[in-house]
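Written out below as structure tokens is the structure these notes cover.
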Amino acid sequence: MSRRYDSRTTIFSPEGRLYQIEYAMEAISHAGTVLGVLAKDGVVLAAEKKVTGKLLDLSGAKEGGYGGSGEKIYLLNSNVIGGVAGLTADANSLINYARSAAQQHLLQYNEDIHVELLAQRLCDLKQGYTQYGGLRPFGVSILYAGYDSHYKFQLYHSDPSGNYSGWKATCIGANNGTAQSLLKQEYKDDIDVKTAISLVLKTMSKTMDSTTLGSEKLEFAVLTVDPETKQPKAKIYRPDEIDKLLESEGLAKKDDDAMKTS
Amino acid sequence: METSFAITGKGYIIVAADTTAARSIVKMKTDEDKIKTLSPHLLMAYSGEPGDTIQFAEYIERNIRLYQIRNNYPLRPPAAASWIRRSLAESLRSRKPYAVNLLLGGYDTTTYTPHLYWVDYLGTMTEVPFGAHGYGSYFALSLLDRYHDPEASLEEGIVTLKRCIDEVAKRLVVTPGKYKVKVVDKDGIREIEL
């Protein structure tokens, strides 16, 4: 019976629900985890890569790529980093849209787009697919880590229904419930970036399915303000930088040495 | 003839515009306000083709207001100036361009700095320490070269402005009679009497 209300995104079920939107959100909770933490002097994002394997060619990701290190974390504008969870193809389309929206704002106002405004622009697009007929909604949730002159550092989350909200720390994708309760326990107001980085990595290591963390499974990015230029500085870590960071946090692979000697 | 001045000082901007509305050789009105308040910290003095000025100024005023309603905060002066300049530049390339010259004075509440922009009907925009439009500018700019001080207090700024107005009154053939003067600083916008 319920299929009567599934086949079109725009039709309410008798209980007043939009099933396709709910399924889209469900799809996201199986996707790779993306985690964000807001600090007083920066924002930290980490993501779990799902598509891995010996034969996957990661030579593009090695250089950090054009604005991204692989699958989940992308530079949306010079002041905003986006972390996506869900269908990668849908995410690519949204990232493209976000980047043009940001550039359009730059062209019109000669200033970087405000983080909330960028989130709003994407949500307007996402909401459209919950209302206009015959089309499937975007199966993507996004975390926006950004900086602007009005509200300084910010972290937003948007989902397929077109809702968005601001957070101090949040998580999307697989195991987001576990991660969020961990964050709720561990998060303190006024933490600095350094503490936020260890909080993110600690939470990631506890929530990810694999037991060990490594650059082949993890993406990582930090947004801070350059002390000299006072401009936002987005840093998406390269694989070797992630490994170095994990080592310094004492979370690197334990079997690394064993592999080298064998 | 139409004249407007604007000068920056320490934490403020003074914008002054004459109050005559003229048609051909006849003064129709002598208390016209040609300085619009675009947002709590942004002023725009406009001059040029009579119908165009009001039409364009109201269009800008309402769109800046719309942005503020939609986003809960007003555009910062640099962003507002860029958008206004673009509007003029797009108008210039249309069938019927607006012939409007502007002086935009605003106080940026996020960086605590005053900004002044000189904009003409061709879509030229420059950030300046002081600016003027109209016939009065030929007399005022050289005076301001000599007497303008970016660190001046508001009282000193007003004295400099009076110098400009007096010089225009002395040398220009058709002198505007009265000026409206507005100040924008950290506390917002207010009108002052000379």
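Bear in mind the structure is a predicted one, so any value in this text is a computation, not a measurement. Every chain is numbered from 1 and lettered A, B, ... according to where its sequence line falls, protein lines coming before strand lines. Values reported hereafter were calculated over all heavy atoms of this structure, with side chains retained and with hydrogens, waters and symmetry mates removed.
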*Between B:T109 and B:K186, is any side-chain donor less than 3.5 angstrom from a side-chain acceptor?*
no

_Salt-bridge present (B:E58, B:R62; N to O < 4.0 Å)_ =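 Answer for the salt bridge query: yes.
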
*Of the backbone (N, CA, C, O) and the side chain (C-beta and beyond), which part of B:I84 lies under 4.5 Å from a heavy atom of chain A, both, or neither?*
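For B:I84, neither part sits under 4.5 Å from chain A.
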
*asked:* So for B:R76, is it side chain, backbone, both, or neither that comes closer than 4.5 Å to the heavy atoms of chain A?
replied: side chain

*Non-hydrogen atoms of chain B under 4.5 Å away: do they reach the side chain of A:Q120, the backbone, both or neither?*
side chain

*In terms of heavy-atom proximity below 4.5 Å to chain B, should A:E111 be classed as side chain, backbone, both, or neither?*
side chain

_Among B:K34, B:K27, B:K29, salt bridge (charged side-chain N to carboxylate O under 4.0 Å, His left out) partner for B:D18_ =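 Looking at B:K34, B:K27, B:K29, the match for B:D18 under the salt bridge (charged side-chain N to carboxylate O under 4.0 Å, His left out) is B:K34.
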
*Answer with yes or no after comparing the ring centroid distance for B:Y67 and A:Y109 against a 6.0 Å cut-off, counting only values under it.*
yes

